[in-house]
Structure formats: C-alpha cells, structure tokens
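Below is one structure, written out as structure tokens, with a few remarks after it.
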Amino acid sequence: MKVEYRTKKLKKQCEDPKVAQKDYGSNIGNKLTQRVGELIAATSLLDIKHIPSAGLHRLKGTRADEYAVNLAHPYRLVFTPILQEGGDINELESINIVRIEEVTDYHGKQKR
C-alpha cells in the first residue's frame, strides 16, 4: 500500500524508530513504526483488518472520513484513505493509498 504523510515531521516520526521513540517514548514509538510498516506491506486496508492487534476502525462524527489503528492505549494512528476513481470508503479492499494525519489520543476531546 502507498503511504503518504500530512507533514515532513510526521513522516520522520513514522519511518525512523529513533525519532518515534524520542518524540513518543519507546512503547508508542515502537508500535508507531510497526503499524506504519504493516500499512506499507499491506495490499489494501483489508489486510490490516486481518491483524487483530491493529484494531482497524472507522471514526465517526466529524472524523467520519478517517480510519485509525491502535498504538499503545489510548493512542491511535489516524489516517485518511485516498480513494481511486470509483472507490468506496467502506470497501477496504479498494483502499490502497492512505495519508497519515496524526498520532493522537482523541478520546474525550473535540479537537476537530
């Protein structure tokens, strides 16, 4: 799967384990680079759905166009599917490009 990033800083955090661990701590940093590796290795989001520990889920409300995977509780890796012509956000096998938006704990706060 093709992975894009919202910012250059986020790209470094997601791809360089040392940067990820420095910015988020070892537990979250290790999971972050693991999850990004899984996204890159996947053919589509359907592959990620088959990894139980990833906990792939679609967000709701103002974030209904985004998905997230688990890192270390309560942190999540949030990304937006980049749909191809005729693609459907609900068909995981048709999503093979994502843009990583942020690493966050979105529980209990209304950031967006």
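Quick caveat: nothing in here was measured; it's all calculated off a predicted structure.
Looking at R6, its side chain never comes within 3.5 Å of a backbone N or O of R99 through a donor-acceptor pair.
Residues satisfying the side-chain hydrogen bond (donor to acceptor under 3.5 Å, both in side chains) criterion with S53, sequence neighbours excluded, are absent altogether. Take H57 and apply the side chain to side chain contact (heavy atoms under 4.5 Å, CB included) test, not counting sequence neighbours, and it matches L59, A68, N70, R76, Y106. Residues meeting the side chain to side chain contact (heavy atoms under 4.5 Å, CB included) test with T7, sequence neighbours left out: K9, L10. Contacts of K2 classified as salt bridge (Lys or Arg N to Asp or Glu O under 4.0 Å), with partners at least two apart in sequence or in another chain: E4.
Taking 4.5 Å as the limit, every side-chain heavy atom of F79 sits out of range of all side-chain heavy atoms of V3. In this structure, the side chains of Y67 and L92 come closer than 4.5 Å at one or more pairs of heavy atoms. No side-chain heavy atom of K12 sits under 4.5 Å from any side-chain heavy atom of K8.
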Would you list the atom pairs, donor with acceptor, under 3.5 Å between side chains in residues 19-29 and any protein atom, with sequence neighbours excluded?
unit_1, atom_1, unit_2, atom_2, d
Q21, NE2, N30, OD1, 2.5
D23, OD2, Q13, NE2, 2.8
Y24, OH, Q13, OE1, 3.1

Under 3.5 Å, which donor-acceptor pairs do the side chains of residues 39-52 form with other protein atoms, sequence neighbours left out?
unit_1, atom_1, unit_2, atom_2, d
T43, OG1, D47, OD2, 3.3
S44, OG, L46, N, 3.3
D47, OD2, T43, N, 2.6

Taking it one step at a time, do E102 and R63 satisfy salt bridge (charged side-chain N to carboxylate O under 4.0 Å, His left out)?
-> CA-CA 12 Å; E102 64 182 329; R63 301 183 86 145; 2.4 Å; yes
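Taking each heavy atom of Y75 and D105 in turn, the nearest pair found is CD2-N, 3.7 Å. Scanning all heavy atoms of the two residues, the minimum distance from D16 to T33 falls at C-CG2, 4.2 Å.
Both L56 and M1 sit in one connected hydrophobic cluster of ILVMFWY residues. Membership requires side-chain heavy atoms under 4.5 Å apart, directly or through other members.
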